[in-house]
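Working notes, structure below.
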Amino acid sequence: MNRVFKAAKMPEAAISATIFLFQSRLHAQCPTGPVIEKRVVKMSENQTDTFQAILEDIPAAARDQIIPIVDFGSQYVQLIARRVREAGVYSVMVGPNITHEQLKALRPKGIILSGGPSSVYEDGAPTCDPDLFDLGVPVLGICYGMQIGTTLLGATVKNAPAREYGRVQLKADNKTELMKGVPQSTTAWMSHGDQIAELPEEFIPLATTPTCPYAAVRHADKPFYGVQFHPEVTHTPHGKDILHNFLYNICDCTGNWRMADFLKSETTRIRDIVGDKRVICGLSGGVDSSVVAAMLAQAIGDQLTCVFVDNGLLRKGERDMVEQMFNGHFNIDLRVVDASKQFLGDLAGITEPQEKRRRIGHRFIEVFKEASADIEGVEFLAQGTLYPDVIESGHGYSGEAANIKLHHNVGGLPAELGFKLIEPLRALFKDEVRQLGQVLGLTEEMVWRHPFPGPGLAVRCLGEVTESQLDILRDADEILLEEIVANNLYRKTSQVFAVILPVKAVGVMGDGRTHEQVIAIRAVETQDFMTADWARIPYEVLATISNRIINEVPGINRVCYDISSKPPATIEWE
Ligand SMILES: Nc1ncnc2c1ncn2[C@@H]1O[C@H](COP(=O)(O)OP(=O)(O)OP(=O)(O)O)[C@@H](O)[C@H]1O
Ligand SMILES: O=c1[nH]c(=O)c2[nH+]cn([C@@H]3O[C@H](COP(=O)(O)O)[C@@H](O)[C@H]3O)c2[nH]1
Ligand SMILES: NC(=O)CC[C@H](N)C(=O)O
Ligand SMILES: [Mg+2]
């Protein structure tokens, strides 16, 4: 068995404990087809439906303390959302054309306006409902958010005489609520070419830099605050304090976003909605679906059947490992379905990445349908879908997100599912799911397992997916992971895998010419998988990996190391 995946012992207590009452979030009120359709609708096209989806997805535990983040297209909007949640307050991203009535319906404690690439004085620059400043709720504008907020409240924003990109020296008035605890002289991270040129007298300046006289401001009468710099990035050392001040001192949040509460408060909902029906759960052995399975096992016990699909796209030894792990330690009905022939049949001749994903998504559903045919009363399909899967499939609530790739479990789903979806993790980031796993008592190995995508090796086998290509890739991947574990790098990296490229390179082995394929190694460090940097694996380890792959895997004569960050690359190659 692959050493990385050695069975993680799942203590009985973790599954049978009654300390926590678990619940899942579901979208059960709506038949599945329309739900899917609804999420692909952009805010501008059908704002009401998208807004409804936002409301439905808000976990019950967070309902009275929400911070909507209006997304003007910032690179950092995810980061803002995470920082707010890390501070113990639930945040959700919304599109700029959300109305003040809709915002009010969310009963927000405060609102954040994100940065964005536009200039407020350009034609067609995004704006927001000006009435949101009169909701009586504090608003914090960050960069573009500050520029648009102050513009709507009477300021003039112009192209700055001196642009600021990167670290700047900030002088802050730390007697004000927003800047409390921030040293009078500190550094901050900037990324702007425009700035406030004229500020009406109702505004109070709170910070300056050598070239930016209004680096932070507040309105005297309305609860509007603006910062030209980015408090959400770690390069602004006191950014956390500023966000904390906004959330706790200005918005009066109490920090009710805690995983244990989330589990507890959602339990009743899942029980109510499932009633006496049965649920099947797509279980891959990955952390997301393991957490979902553990939650459901708690909530509905033997009304749950888990289905592990061998799609022929798994890594070496993975099927055995998952079977052993769950049969041995989880007290659940687990069915293993071998559908490898169907998946590989669907992929024959297909090279286009999105088409691969679409076919895989559709086949998963077919397999789940077949697997549930002989189980009486199955109405629900549970999946470990996360917030980034939703956002990256272009189904985000802001309506602004591009379709980067069709995650098999979101964008790759067929319109007619035949199930209602249970996706308890749909609003969470990966690190939050891991916290949940810890609260649930999952073992370290399970909680910290590197993700493995549902489309599996198909998106790491560039070009056509064939048995022989998959075999080569499996062998290379096994060596890579063995070395990562052996060199104590598994926990220091977030995801490590091999990719087989559909090109041949010339080499010389044993004095003879070779013309063989190339393996790319991908190793990244990230917390939430939305942005990532390539891992600085020591050269000696890379050397061993390369040597071993070329020597031990027939068909490969060259190994490359992928040194691209995300963005602009993505983690997977397809
Ligand atoms: N082989 C599989 N069999 C059954 N369900 C699967 C399989 N692969 C993926 N899924 C379903 O698709 C969902 C999304 O897959 P994804 O890989 O994002 O999550 P995961 O496998 O649970 O966790 P991780 O991200 O750690 O790999 C899973 O949570 C699971 O419900
Ligand atoms: O279950 C999944 N179904 C998918 O279709 C899918 N696509 C990407 N991933 C995983 O998501 C994370 C981000 O990947 P990208 O940077 O490649 O988008 C990484 O962890 C990827 O492995 C997927 N997981
Ligand atoms: N990061 C931002 O929000 C940039 C805002 C605006 N485009 C500027 O350059 O000033
Ligand atoms: Mg997975």
Side-chain angles (χ1 to χ4, degrees), residues 71-77 113-122 125-126 141-148 157-160 163-165 189-196 212 226-230 232-233 280-293 296 306-315 318-319 322 326 334-340 343 360-361 363-365 367-368 371 381-386 388-390 392-393 407-410 412-413 421-426 430 433-434 437 446-456 459 494-495 497 529 571-572:
D71 179 8
F72 289 108
S74 168
Q75 294 296 312
Y76 298 136
V77 67
L113 309 180
S114 85
S118 313
S119 290
V120 291
Y121 47 79
E122 281 168 353
I142 298 176
C143 201
Y144 184 85
M146 175 210 208
Q147 295 169 2
I148 192 72
V157 169
K158 289 189 179 157
N159 198 242
R163 302 181 304 173
E164 291 177 305
Y165 293 103
W189 195 260
M190 289 279 198
S191 178
H192 70 123
D194 304 327
Q195 65 187 33
I196 298 171
C212 183
V227 288
Q228 182 56 72
F229 56 88
H230 291 271
E232 70 276 22
V233 304
I280 63 162
C281 172
L283 182 64
S284 67
V287 59
D288 310 337
S289 48
S290 301
V291 166
V292 170
L296 286 167
C306 290
V307 179
F308 171 70
V309 182
D310 180 349
N311 52 12
L313 305 166
L314 303 174
R315 291 164 294 187
E318 188 150 24
R319 174 172 164 174
V322 173
F326 285 91
L334 173 68
R335 304 194 178 187
V336 178
V337 181
D338 185 347
S340 44
F343 276 89
I360 291 167
R363 178 57 67 185
F364 260 115
I365 296 302
V367 174
F368 289 139
L381 168 66
Q383 305 195 109
T385 303
L386 308 192
D389 303 344
V390 178
E392 294 207 334
S393 286
H407 281 236
H408 77 282
N409 47 321
V410 187
L413 291 175
L421 284 179
I422 297 186
E423 295 181 317
L425 314 178
R426 201 179 160 91
K430 191 80 174 188
V433 173
R434 290 194 157 131
M446 275 181 135
V447 167
W448 291 104
R449 210 180 151 197
H450 287 186
F452 180 65
V459 291
S494 309
Q495 197 170 2
F497 55 89
F529 297 85
I571 296 174
E572 302 289 345

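Counting starts at 1 for both ligands and their atoms, in listed order. Hydrogens, waters and symmetry mates are skipped; everything else that's a heavy atom, side chains included, is used.
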Ignoring angles and geometry beyond distance, decide whether [X] reaches within less than 3.5 Å of ligand 3 through its nitrogen or oxygen atoms.
{"X": "Gly193", "result": "yes"}
{"X": "Cys143", "result": "no"}
{"X": "Gln147", "result": "yes"}

Only heavy atoms of [X], strictly under 4.0 Å: list the atoms of ligand 3 that pass.
{"X": "Ser191", "result": "1 (N), 2 (C), 4 (C)"}
{"X": "Gly115", "result": "3 (O)"}
{"X": "Pro117", "result": "7 (N)"}
{"X": "Ser118", "result": "5 (C), 6 (C), 7 (N)"}
{"X": "His192", "result": "8 (C), 9 (O), 10 (O)"}

Practice prompt. Considering only non-hydrogen protein atoms, determine which one is nearest to atom 5 (C) of ligand 3 and report residue, atom name and distance to 0.1 Å.
Written response: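 Going atom by atom, the protein heavy atom closest to atom 5 (C) of ligand 3 ends up being Gly116 O, 3.2 Å.
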Worksheet item: Do ligand 1 and Asn311 have nitrogen or oxygen atoms that lie under 3.5 Å from each other?
Response: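 The answer is no, given that Asn311 and ligand 1 share no N or O pair closer than 3.5 Å.
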Fill in: Polar contact flag for Phe364 and ligand 1 (N/O pairs, less than 3.5 Å)
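No, there is no polar N/O contact under 3.5 Å.
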Worksheet item: Just heavy atoms, cut-off under 4.0 Å: does Pro451 contact ligand 1 by side chain, backbone, both, or neither?
Response: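 Looking at Pro451 and ligand 1, atoms from backbone and side chain both fall under 4.0 Å.
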Item to complete: For atom 23 (O) of ligand 1, state which one of Ile280, Asp288, Ile360 supplies the nearest heavy atom.
Response: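 Result: the heavy atom closest to atom 23 (O) of ligand 1 is in Asp288.
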Worksheet item: Who's closest to atom 28 (C) of ligand 1 heavy-atom-wise, of Gly384, Gly456, Pro455?
Response: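 Result: the heavy atom closest to atom 28 (C) of ligand 1 is in Gly384.
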Item to complete: Taking the Mg ion (ligand 4) as the centre, count the protein N/O/S atoms lying under 2.8 Å from it.
Response: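 With waters ignored, the protein N/O/S count below 2.8 Å is 1.
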